[in-house]
Amino acid sequence: MSTLQTFPVQTSAQLSVHLKSLRKARGLTQTALGQRIGVKQVRMADIEKNPGAVSLDQLLQVLHALDARVLLADLRRYAETDTPSAPTANSPTADW
């Protein structure tokens, strides 16, 4: 059984490093990864270089092609141990 490996990302520069690292770990070139999502090598290089400038949809396509996913962490929930938990979607007090 393997453990889920996570990579906290707070800036597009950090995401850039992780995208390139994941691609290389999968043994893929920019050309091969680009083919998986339907873009040319030049576009793949642009995405890796500046992932903050691409659409979320395209970023999700890249992550999917790399067998990676986006996970959101509610940092406030883990930082505050004495506060009640946030309302759930089916809760009558949920305001979303």
Side-chain angles (χ1 to χ4, degrees):
M1 186 168 147
S2 62
T3 304
L4 180 66
Q5 189 174 7
T6 60
F7 305 98
V9 175
Q10 296 180 3
T11 66
S12 61
Q14 290 173 333
L15 181 57
S16 176
V17 170
H18 290 305
L19 289 175
K20 185 175 182 178
S21 177
L22 282 169
R23 175 181 57 78
K24 288 184 173 189
R26 304 297 190 260
L28 296 170
T29 63
Q30 288 177 339
T31 301
L33 180 55
Q35 288 173 342
R36 287 185 178 194
I37 66 166
V39 301
K40 296 191 180 295
Q41 180 275 329
V42 172
R43 178 63 179 150
M44 198 60 246
D46 289 341
I47 293 169
E48 272 187 11
K49 185 176 181 182
N50 190 6
V54 303
S55 71
L56 179 59
D57 285 338
Q58 192 160 52
L59 180 58
L60 291 172
Q61 286 178 334
V62 171
L63 291 171
H64 181 76
L66 292 169
D67 294 323
R69 301 294 179 268
V70 173
L71 302 174
L72 299 177
D74 184 355
L75 299 178
R76 181 178 288 177
R77 181 175 174 122
Y78 294 103
E80 300 171 4
T81 57
D82 296 332
T83 59
S85 63
T88 61
N90 295 327
S91 166
T93 61
D95 191 20
W96 41 287

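Note that the numbering runs from 1 along the sequence shown for the chain. None of these values were measured; they are calculated from a predicted model.
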**Study point:** Connected-component partners of L19 among ILVMFWY, side-chain separation under 4.5 Å
**Key:** F7, V9, L15, L22, L28, L33, I37, V39, M44, I47, V54, L56, L59, L60, V62, L63, L66, V70, L72
Point to revise | Distance, nearest 0.5 Å, that separates NZ of K24 from CD of E48 | key: 8.0 Å
Review point. Side chain of S12, backbone of P51: donor and acceptor closer than 3.5 Å?
Key: no
Practice item. Output, in order, the C-alpha distance, side-chain angles, deciding distance and verdict of side chain to side chain contact (heavy atoms under 4.5 Å, CB included) for Q30 and R43. Key: CA-CA 9 Å; Q30 288 177 339; R43 178 63 179 150; over 6 Å; no
Check your understanding: Taking atom types as modelled, is there a side-chain donor on R36 or Q61 under 3.5 Å from an acceptor on the other?
Key -> no
